[in-house]
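Single-structure report; data block below.
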Amino acid sequence: MSLTIYNTLAREKQPFKPIDPKNVRMYVCGPTVYDFAHIGNARPVIVFDVLFRLLRHIYGEKHVTYVRNITDVEDKIIARAAERKVSIRELTEGTAKVYQEDALALGNLPPTLEPRVTDTMPEIIAMIATLVKNNRAYVAEGHVLFDVASDTDYGKLSRRALDDMIAGARVEVAPYKKNPMDFVLWKPSDATMPGWDSPWGNGRPGWHIECSAMGEKHLGETFDIHGGGIDLIFPHHENEIAQSEGAHHGRPIANYWMHNGFLQVEGEKMSKSLGNFITIRELLAEKKFGAEQWHGRVLRLAMLGTHYRQPIDWTLDRLTQARTTLMEWARLLHDVQPADDPSGDVLAALSDDLNTPSVFAALHGLAAAARTNADDRRRLRRTLAFLGLYGGEKDVDFLVGQTIDAAAVEDLIARRNAARKTKNFAEADRLRAELTAMGVAIEDGAAGTTWKVMS
RNA sequence: GGCCACGUGGCGGAGUGGUUACGCAGAGGUCUGCAAAACCUCGUACCCCGGUUCAAUUCCGGGCGUGGCCUCCA
């Protein structure tokens, strides 16, 4: 089985060849922890978790290193902390904790490492110093700026020409910049802001340098895969490339760049002003989206229904369908012990640039076979666990926040069966209608009557 | 204004130069006291206009629509 991935750098699918099969290395841009993560933030977390799982399967669990950073120094954090009158540490720790809980609830494995900017300051300062020494950056009015004109390759990821960008003329024109496109590596902090001592005075890092420094620190100069949302291609990833390759004499930072597509909500851009901004926490724990709570695995299944590079429309209908599917699988697999290995068809579909819709076609085929075959049930159970989609829940577990009085249901069923025994079918049908009204569906099987909650 | 994606049957969503994706919903059937589940059967889709081709949903050009980036937002 060979893994193929779409490389944004080349704009084509390429066979994946790791630098070192004994240590496959992936870096994904994590959150800036100033507010709860929204459902759009969940997409890269889920997508690259699936890739992480696949890589672990191919190369072995101990031979894959996955780094997802936490950015805990940033101007929006400073602003939000001031606004809420809490300390920066309090804000970033609290937000990071919720983020990690959300990620776990969505069925993601923890990354190998989750480094923080505040723990990477010596490396950040060292990398900036190297860039200055290499004549790729300059000091101006307490700032250190990357000298874009020194980078003949600048724009290779986003495929934009410097001249075009300047012509766009929406760049900040600061008088101390040599070139309008030059971006900040280090900026001065006043007494009210977090700051670190550096050769350029007390200050803090610019937006992009932290990822370059954390990547180098934990994965080396060149690693295999760098991932993130498509909106990060420019300027964030472009600037990361400029910084890292500027510090490493042109040696590439990553061989493969992967970007997930954008997310919309009910056909519209998600924004606070439109009132359709939805956080992961709200979906999981509050009855806000469709006035229901949603199980993390339902959200995960819904997210993976669309190929990661396609735009995805986050709708109520999508979540309902995902829940229906998951509940069906749960009825089939609740008591089943997993097989040793996941399905080969699923692995093959996954290996084609994470074609998760194809994966689902394979899963549905397996589910059809699993209805009559125990081996297929065990295989399906194992495959869904491998994907992080199912962990042995009962079907009703996916109806979060809905409660049914089981004793009352059992009582109605008993009365109905008594009526059926005396062929009083009118009464039996009346009792069924009562159950239906409660949201309960019943099935008369060979082993007696079973019931389930309708979704 | 510049650059870039996407537009598939009621819905979701892969894929392909000529042959059934798949799922949900829906219709018919077997089964059932009635149902449900299960199983069987059913949809001849690919934004518009040109072009290339024996043949285009699939390639090329234009248009329309939606969205993204260019304003430290995944």
Side-chain angles (χ1 to χ4, degrees), chain A residues 8 11 28-32 34-35 37-48 71 74-76 155 158-161 163-172 181 183-184 187 205-208 210 227-239 259-264 267-272 301-302 304-313 315 317-325 328 331-332 349 352 355-365 367-368 371-372 416 419-420 423-426 428-429 432-433 435-436 441-446 449-452 454:
Chain A
T8 308
R11 299 287 201 274
V28 173
C29 290
T32 299
Y34 71 101
D35 205 346
H38 61 248
I39 189 61
N41 295 307
R43 194 170 192 194
V45 178
I46 293 170
V47 163
F48 291 106
T71 296
E74 214 269 344
D75 286 5
K76 274 189 302 215
S158 57
R159 303 209 169 176
R160 312 165 179 231
D163 293 346
D164 292 345
M165 289 187 264
I166 295 166
R170 287 221 203 151
V171 287
E172 181 195 358
M181 291 306 296
F183 55 92
V184 173
K187 52 191 168 188
W207 176 30
H208 317 292
E210 82 284 1
I230 194 169
D231 57 318
L232 290 182
I233 291 177
F234 191 89
H236 185 56
H237 289 162
E238 196 70 71
N239 291 351
H259 294 93
N260 61 271
F262 218 73
L263 175 143
Q264 284 181 266
E268 288 185 304
K269 179 189 171 83
M270 177 169 62
S271 72
K272 286 188 173 156
L301 181 64
L304 293 174
T306 298
H307 182 81
Y308 77 95
R309 280 191 282 117
Q310 294 290 107
I312 190 172
D313 192 11
T315 62
D317 193 45
R318 172 190 292 278
L319 298 194
T320 309
Q321 281 196 20
R323 185 172 61 190
T324 301
T325 302
E328 270 173 31
R331 281 173 207 126
L332 190 61
D352 177 18
N355 193 335
T356 50
S358 261
V359 164
F360 288 125
L363 287 172
H364 288 124
R371 288 195 187 93
T372 53
R416 173 172 166 277
R420 287 173 70 217
K423 302 236 190 270
N424 185 354
F425 295 122
D429 288 346
R432 176 205 289 282
L435 286 159
T436 304
I442 53 177
E443 294 172 29
D444 300 322
T449 302
T450 60
W451 62 280
K452 66 183 185 187
M454 294 185 285

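Each chain gets a letter, A, B and so on, in the order its sequence line appears, and its residues count up from 1. These numbers come from the heavy atoms of this one structure, side chains and all, not from hydrogens, waters or symmetry mates.
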Which of the following nucleotides, [options], is nearest to the side chain of [X]?
X        : options                : result
A:Phe234 : B:rU66, B:rC73, B:rC70 : B:rC70
A:Gln264 : B:rA74, B:rU66, B:rC72 : B:rU66
A:Gln310 : B:rG68, B:rC6, B:rG13  : B:rC6
A:Glu74  : B:rC72, B:rA74, B:rC6  : B:rC72
A:His38  : B:rC72, B:rG67, B:rA74 : B:rA74
A:Lys269 : B:rA37, B:rC69, B:rC11 : B:rC69
A:Asp317 : B:rG15, B:rA74, B:rC11 : B:rC11

Figure out the [atom1]/[atom2] separation between [X] and [N], and round it to whole Å.
X        : N      : atom1 : atom2 : result
A:Leu263 : B:rG68 : CG    : P     : 11 Å
A:Arg43  : B:rG67 : CZ    : P     : 16 Å
A:Leu232 : B:rU71 : CG    : P     : 15 Å
A:Ile312 : B:rC11 : CD1   : P     : 17 Å
A:His307 : B:rA5  : NE2   : P     : 15 Å
A:Phe183 : B:rC69 : CZ    : C1'   : 17 Å
A:Asp231 : B:rC70 : CG    : P     : 8 Å
A:Arg309 : B:rA74 : CZ    : C1'   : 17 Å

Whole-angstrom distance between [N] and [M], as gauged at atom [atom1]:
N      : M      : atom1 : answer
B:rA45 : B:rC31 : C1'   : 33 Å
B:rG15 : B:rG51 : C1'   : 25 Å
B:rA36 : B:rG67 : C1'   : 43 Å
B:rU8  : B:rU66 : C1'   : 15 Å
B:rA74 : B:rG68 : C1'   : 12 Å
B:rA27 : B:rG33 : C1'   : 25 Å
B:rG65 : B:rG28 : P     : 42 Å
B:rG10 : B:rC49 : C1'   : 27 Å

Check nucleotides 31-33 of chain B against the protein and report each pair of N or O atoms closer than 3.5 Å, with its distance, or say if there are none.
residue	atom	partner	partner atom	Å
B:rG33	O6	A:Arg416	NH2	3.2
B:rG33	O6	A:Arg420	NE	3.4
B:rG33	N1	A:Asp429	OD1	3.1
B:rG33	N2	A:Asp429	OD1	3.0
B:rG33	N2	A:Asp429	OD2	2.6

Could you let me know what [N] is paired to, Watson-Crick or G-U wobble, both distances under 3.5 Å, or none if it's on its own?
N      : answer
B:rG17 : none
B:rC42 : B:rG26
B:rG50 : B:rC60
B:rC31 : none
B:rG9  : none

Taking side chain as C-beta onward, heavy atoms only, is A:Phe360 less than 4.5 Å from A:Leu301?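 Yes, side chains in contact.
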So A:Arg43 and A:Thr306, do their side chains get closer than 4.5 Å, heavy atoms only?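 Yes; the side chains approach each other to less than 4.5 Å.
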Describe, in one word, how the ring planes of A:His259 and A:His237 are oriented to each other, choosing from parallel (under 30°), tilted (30 to 60°) and perpendicular (over 60°).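 Taking A:His237 first and then A:His259, their aromatic rings sit tilted (interplane angle of 30° to 60°).
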Any side-chain N or O of A:Asn355 under 4.0 Å from OP1/OP2 of B:rG15?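 For B:rG15, OP1 or OP2 has a side-chain N or O of A:Asn355 closer than 4.0 Å.
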Side-chain N or O of A:Arg160 closer than 4.0 Å to phosphate OP1/OP2 of B:rC3: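 So the side chain of A:Arg160 is outside the cut-off, no N or O lying under 4.0 Å from OP1 or OP2 of B:rC3.
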Between the base of B:rC73 and the side chain of A:Lys76, is there a donor-acceptor distance below 3.5 Å?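 Between B:rC73 and A:Lys76, which were checked side chain against base, a qualifying N/O pair under 3.5 Å is absent.
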Base-contact (B) and sugar-phosphate-only (S) positions in nucleotides 20-30 of chain B, heavy-atom cut-off under 4.0 Å, - elsewhere: -BSBB------
Donor on one side chain, acceptor on other, A:Glu238 and A:Ser158, under 3.5 Å: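 Yes, a side-chain donor-acceptor pair sits under 3.5 Å.
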